[in-house]
Colleague: 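Quick one: this structure, given as structure tokens, is what I'll be asking you about.
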Amino acid sequence: MSAQQLSDLIRFARHNSPFYRDLYGSLPPHADRLTDLPVVDQEAFWAANTLHDSRVLTGPLSEATVYKTGGTTGSPKFSVYTRDEWRTFVTAFGQGLVDTGLRPGHRVADLFYAGELYASFLFVLDSLSHAPVDNVRLPIGGGAPLESTIPTLRDLAAQVLAGTPTTLCRLAEQVVASGVRLDSVELLLFGGEALFDDQRRLLAAAFPRAEARSVGYASVDAGLLGRPVPGPDARVHRAFTPYSVVEILDDSTDEPVTEPGRPGRVVVTSLFRRLMPIIRYPAGDRAEWTGTGPGHFRILGRAEEGVRVGPVSLYTQDAQDAVAAADSAGQVVGMQLVVRRWEGRDGLVLRLATAPGGERDTDRRETLARAVVAELETVRPLYPDSVRAGFVHPLSVEWVRHRDLAVNPRSGKLVRVLDERPTA
């Protein structure tokens, strides 16, 4: 299936999908511009897109592959692709792989997660199969034991490792700890999560000859979002024209942002999906136009990735920035926010993973812990104010190894925020 004209897609969805018919019910019959249309409300979308008797689908579920997705709401939902839509999806994404540095003959280990209706492993493997350059595919998977993965990578002389940052970091930690050399690795392709500077240090220690780059920006619910842009900033991507349209909308007004450097939320329209139309669908991320090329944008992180501790709202980026400011020696290689409740009050624990060998230097860790807490309290002064008022417990730091950080068992992605408060 080729990418279709926007006006045709709007008419088709309006005529065949009860959800879009209701959503566009008050619009003129010939509304055919994105700015004529409302942005999809995610809660309403997923409430309508049930597995049985979906009001979003434009036809019966008789020929498709069903994938499970957390969407941007956290709880798994189901996303469907016909065989033609999937072929278009992986072919377009595969074309973008050449911008990551994929070269003819590269041996690529697919370390994404498979099974349980999860798409990433199959998606990357199929995209490599449809890439415009020859490559050798090694379908290892993210769930394989590191004890067998490392010898496989060594014996098959893998040159490219593709996986989530969490999977790549766990592998890197084991490589450093075991003293194994994987000198053939020259490219690390990450996806599904942001890659932070602390993680880059761990990857560099394990794979000193390798460069870390984005594999591309996509999700099983939103579809194609961004093709990698070669350069020093792995967060910069460009839309997969003519297969999708990416908009950046003002956080308050939902008006399209056009000027570079002004952040907003990412909204995508997929021009090749007809069974489950995606029209002005929030991707769950924030971004800004860079002004460096047509359609170039920089991903700034998740739109709503944070937690409320008592009266205080904290975002993972706040904590990440505090660690980066305090950790000049590069001791931290991973971070997780843990919220607990005891003695009638909430408390926040910063779970920090130390670099291999760093656990022996207790004095330095204690000094760093104090510095990180001080930085975060400077950025979020309401937290220490709330401690003094008796609303919350003081911030604390818990040191662990990278392998101890909690991950989603299905996707292998790091769980940035763990809420361990008891619920009724």
Side-chain angles (χ1 to χ4, degrees), residues 146 150 164-182 188 190 193-212 301 305-307 309 312 314-340 342 346-381 383-384 386-388 392-407 414-418 420:
L146 295 177
I150 292 174
T164 66
T166 303
T167 298
L168 295 176
C169 284
R170 290 193 167 193
L171 173 64
E173 184 180 52
Q174 184 68 21
V175 167
V176 171
S178 62
V180 175
R181 294 176 62 91
L182 295 176
L188 305 170
F190 65 91
E193 306 171 273
L195 180 69
F196 296 103
D197 288 342
D198 53 8
Q199 295 170 312
R200 285 182 179 274
R201 289 193 290 268
L202 176 57
L203 295 176
F207 310 108
R209 301 180 181 181
E211 185 174 357
E305 193 174 69
V307 69
V309 187
V312 187
L314 278 158
Y315 294 92
T316 54
Q317 191 61 52
D318 296 332
Q320 199 72 44
D321 291 344
V323 170
D327 185 24
S328 56
Q331 296 180 68
V332 178
V333 296
M335 183 202 74
Q336 201 161 50
L337 302 184
V338 184
V339 191
R340 294 173 179 150
W342 69 99
D346 290 347
L348 178 65
V349 178
L350 302 179
R351 183 176 287 167
L352 303 180
T354 185
E359 65 275 3
R360 293 188 290 270
D361 197 340
T362 4
D363 290 342
R364 180 181 282 188
R365 286 198 310 180
E366 288 177 2
T367 302
L368 177 56
R370 288 193 295 270
V372 170
V373 168
E375 285 283 349
L376 189 51
E377 289 183 338
T378 300
V379 174
R380 282 285 180 266
Y383 200 100
S386 298
V387 172
R388 287 187 288 270
V392 297
H393 292 285
L395 284 166
S396 61
V397 171
E398 176 182 293
W399 291 97
V400 297
R401 294 294 298 273
H402 198 281
R403 62 173 175 263
D404 300 321
L405 297 174
V407 300
L414 180 68
V415 179
R416 297 274 171 201
V417 179
L418 274 178
E420 297 182 349

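Throughout, numbering of the chain's residues begins at 1 and tracks the sequence.
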Colleague: What pairs with R181 under salt bridge (Lys or Arg N to Asp or Glu O under 4.0 Å), at least two apart in sequence or on another chain?
Modeller: D183
Colleague: Can you find a heavy atom in the side chain of T166 that is under 4.5 Å from one in the side chain of L405?
Modeller: no
Colleague: To the nearest 0.5 Å, how far apart are CG in D321 and OG1 in T378?
Modeller: 12.5 Å
Colleague: A side-chain contact here means heavy atoms from C-beta on lying under 4.5 Å apart; do L350 and L337 qualify?
Modeller: yes
Colleague: Given side chains that start at C-beta, do those of V392 and L348 come closer than 4.5 Å, heavy atoms only?
Modeller: no
Colleague: Quick one: pull up CZ in R365 and CG in L352 and give me the separation to the nearest 0.5 Å.
Modeller: 10.0 Å
Colleague: Do you know the tightest heavy-atom contact between A406 and L414?
Modeller: O-CD1, 3.5 Å
Colleague: Using the rule given for side-chain contact (heavy atoms from CB on, under 4.5 Å), can you reason through R401 versus T354, listing the C-alpha separation, both sets of side-chain angles and the distance that settles it, and then say yes or no?
Modeller: CA-CA 6 Å; R401 294 294 298 273; T354 185; 4.3 Å; yes
Colleague: Do the non-hydrogen side-chain atoms of L146 and R403 ever get within less than 4.5 Å of each other?
Modeller: no
Colleague: List the residues meeting side chain to side chain donor-acceptor pair (under 3.5 Å) with E398, not counting sequence neighbours, and say none if there are none.
Modeller: R340, R351
Colleague: Between Y383 (side chain) and L376 (backbone), is there a donor-acceptor pair under 3.5 Å?
Modeller: no
Colleague: Evaluate the criterion side-chain contact (heavy atoms from CB on, under 4.5 Å) for residue pair E420 and V349; output intermediate values, then yes/no.
Modeller: CA-CA 11 Å; E420 297 182 349; V349 178; over 6 Å; no
Colleague: Throw together a table of side-chain donor-acceptor distances under 3.5 angstrom for residues 199-210, partners on residues two or more places apart or in other chains.
Modeller:
| unit_1 | atom_1 | unit_2 | atom_2 | d |
| --- | --- | --- | --- | --- |
| Q199 | OE1 | F196 | N | 2.9 |
| R201 | NH2 | D327 | OD2 | 3.2 |
| R201 | NH2 | V332 | O | 3.3 |

Colleague: To the closest 0.5 Å, what do you measure between CG (L195) and SG (C169)?
Modeller: 6.5 Å
Colleague: Q336 side chain to L418 main-chain N or O, any donor-acceptor pair under 3.5 Å?
Modeller: no
Colleague: Quick one: pull up CG in L171 and CG in L182 and give me the separation to the nearest 0.5 Å.
Modeller: 7.0 Å
Colleague: Closest heavy-atom contact between G347 and H393?
Modeller: CA-CB, 4.0 Å
Colleague: Can you name the closest pair of heavy atoms from W399 and A369 and give their distance?
Modeller: NE1-CB, 4.1 Å
Colleague: With a 3.5 Å distance limit and no angle check, can you tell me whether Q331 reaches the backbone of L368 through a side-chain donor-acceptor pair?
Modeller: no
Colleague: Okay, side chain of E173, backbone of H402: is any donor-acceptor separation there less than 3.5 Å?
Modeller: yes
